[in-house]
Amino acid sequence: MPSDHLRKKLQQRKDSIDFGNLTTSLEAAGFRCRFPTEEFTKPAWTEALISRTAKTSSTPDSQISDSEAAQAIDQWFDDFANHHGVSGHFYLKTTLEFYPWVECHGPTDESTSLLRKAVGADLVILSPDLQKLVIFWEEEHEYVAYSREPTMLHRPDKQNHS
């Protein structure tokens, strides 16, 4: 059984390769990407609000059927993110232990639909001022979207009706 140190080293190596593949996909879609600078610290409030949106009992701020035309779905992704002030420059949450966020700069108007095409529809996007989360989940027959802020941490789910 490998030691914890060895496991971490192997995981870091795997994550490094996966991070390279992720940034390559994002760059091919028109984004400039990098590991966030040392000044970036993930706000503590994000994890609790992300996990609340992943529950089946959560009420999304917006949703669209996956049977809609592809162009309508792309427009819905972009409109929701743009309406909530997240486009162009943002932090994208990854599933990688050693590279949990990637900083992205990209086209302003269609950033979210391009992200979806590059990495999939499950997206957690943090604004550059670290004060707004825009979250998209692909469900069985629809896409759902949430907009969350730190002030919502101590409120029951679905206090944001915009």
Side-chain angles (χ1 to χ4, degrees), residues 12 15-16 18-64 66 72-139 142-162:
Q12 187 170 15
D15 282 3
S16 180
D18 291 346
F19 186 78
N21 292 337
L22 172 66
T23 57
T24 298
S25 293
L26 291 167
E27 288 168 358
F31 294 94
R32 291 185 329 273
C33 302
R34 66 179 184 167
F35 188 71
T37 63
E38 291 177 13
E39 294 86 40
F40 173 82
T41 302
K42 173 199 73 167
W45 58 270
T46 59
E47 288 306 317
L49 291 176
I50 292 168
S51 67
R52 284 185 195 173
T53 67
K55 295 179 181 176
T56 56
S57 61
S58 67
T59 305
D61 296 315
S62 186
Q63 58 199 56
I64 189 170
D66 65 1
I73 293 171
D74 287 345
Q75 191 66 50
W76 175 81
F77 269 84
D78 292 331
D79 289 349
F80 187 85
N82 291 337
H83 176 75
H84 292 284
V86 178
S87 64
H89 175 215
F90 51 85
Y91 297 95
L92 177 66
K93 187 170 181 8
T94 75
T95 59
L96 307 174
E97 179 181 347
F98 288 93
Y99 302 92
W101 295 88
V102 59
E103 184 176 3
C104 298
H105 294 267
T108 326
D109 295 338
E110 53 188 19
S111 288
T112 315
S113 61
L114 291 172
L115 272 179
R116 181 173 75 92
K117 291 173 184 166
V119 299
D122 289 339
L123 302 171
V124 176
I125 305 165
L126 181 62
S127 64
D129 66 358
L130 312 181
Q131 294 301 305
K132 178 83 77 160
L133 270 174
V134 170
I135 304 165
F136 295 96
W137 299 127
E138 182 175 10
E139 300 293 340
E142 66 182 353
Y143 300 99
V144 296
Y146 301 84
S147 175
R148 297 294 184 257
E149 300 174 11
T151 57
M152 301 174 83
L153 187 58
H154 302 291
R155 297 186 205 168
D157 189 41
K158 194 54 181 151
Q159 292 295 313
N160 183 11
H161 298 283
S162 54

Item to check | Candidate pair L115 and I125, rule side-chain contact (heavy atoms from CB on, under 4.5 Å), full reasoning | outcome: CA-CA 10 Å; L115 272 179; I125 305 165; 3.8 Å; yes
Checklist entry - Is any side-chain heavy atom of W137 less than 4.5 Å from a side-chain heavy atom of V124? => result yes
Next on the checklist: How long is the straight-line distance from NZ of K42 back to NZ of K93, given to the nearest 0.5 Å?
Outcome noted: 6.5 Å
Item to check | Gap between atom OG1 of T59 and atom CG of D61 - 0.5 Å precision | outcome: 9.0 Å
Checklist entry - Which value, rounded to the nearest 0.5 Å, describes the distance between E27 atom CD and C33 atom SG? => result 5.5 Å
Item to check | Worked check of side-chain contact (heavy atoms from CB on, under 4.5 Å) between L92 and L26 | outcome: CA-CA 11 Å; L92 177 66; L26 291 167; 4.2 Å; yes
Checklist entry - Got a donor-acceptor contact below 3.5 angstrom from the T24 side chain to the G20 backbone? => result yes
Checklist entry - Quick one: does L126's side chain get under 4.5 Å of P43's, heavy atoms only? => result yes
Item to check | Pairs flagged by side-chain hydrogen bond (donor to acceptor under 3.5 Å, both in side chains) wherever residues 111-129 is involved - sequence neighbours left out | outcome: D74-R116, D74-K117, D78-S113, S127-D129
Checklist entry - How long is the span from the OG1 atom in T41 to the CG atom in L130, to the nearest 0.5 Å? => result 8.0 Å
Next on the checklist: Quick check: closest heavy atoms across L49 and M152, and the distance to 0.1 Å?
Outcome noted: CD2-O, 3.9 Å
Next on the checklist: Checking D66 now: which residues fulfil salt bridge (charged side-chain N to carboxylate O under 4.0 Å, His left out) with it, not counting sequence neighbours?
Outcome noted: none
Checklist entry - Say you draw a straight line from OH of Y146 to NE2 of H84; how long is it, rounded to the nearest 0.5 Å? => result 13.0 Å
Item to check | S58 (side chain) donor-acceptor with A54 (main chain) under 3.5 angstrom | outcome: no
Next on the checklist: Do P60 and Y143 have side chains that approach each other closer than 4.5 Å (heavy atoms only, starting at C-beta)?
Outcome noted: no
Exercise answer: donor-acceptor pairs, residues 95-104 side-chain atoms, under 3.5 Å, sequence neighbours excluded:
unit_1 : atom_1 : unit_2 : atom_2 : d
E103   : OE1    : R34    : NE     : 3.0
E103   : OE1    : R34    : NH2    : 3.1
E103   : OE2    : H89    : NE2    : 2.8

Checklist entry - About how many Å separate CG of L133 and CD of E149, when rounded to the nearest 0.5 Å? => result 9.5 Å
Item to check | Member of F31, F40, F35 meeting the ring pair (Phe, Tyr, Trp, His ring centres under 6.0 Å) criterion with Y91 | outcome: F40
Item to check | Derivation of the side-chain contact (heavy atoms from CB on, under 4.5 Å) call for D79 and H83 | outcome: CA-CA 6 Å; D79 289 349; H83 176 75; 5.9 Å; no
Next on the checklist: Run the side-chain contact (heavy atoms from CB on, under 4.5 Å) test on R148 and I50 for me, step by step, so that the C-alpha distance in whole Å, both residues' side-chain angles and the decisive distance to 0.1 Å come before the verdict.
Outcome noted: CA-CA 8 Å; R148 297 294 184 257; I50 292 168; over 6 Å; no
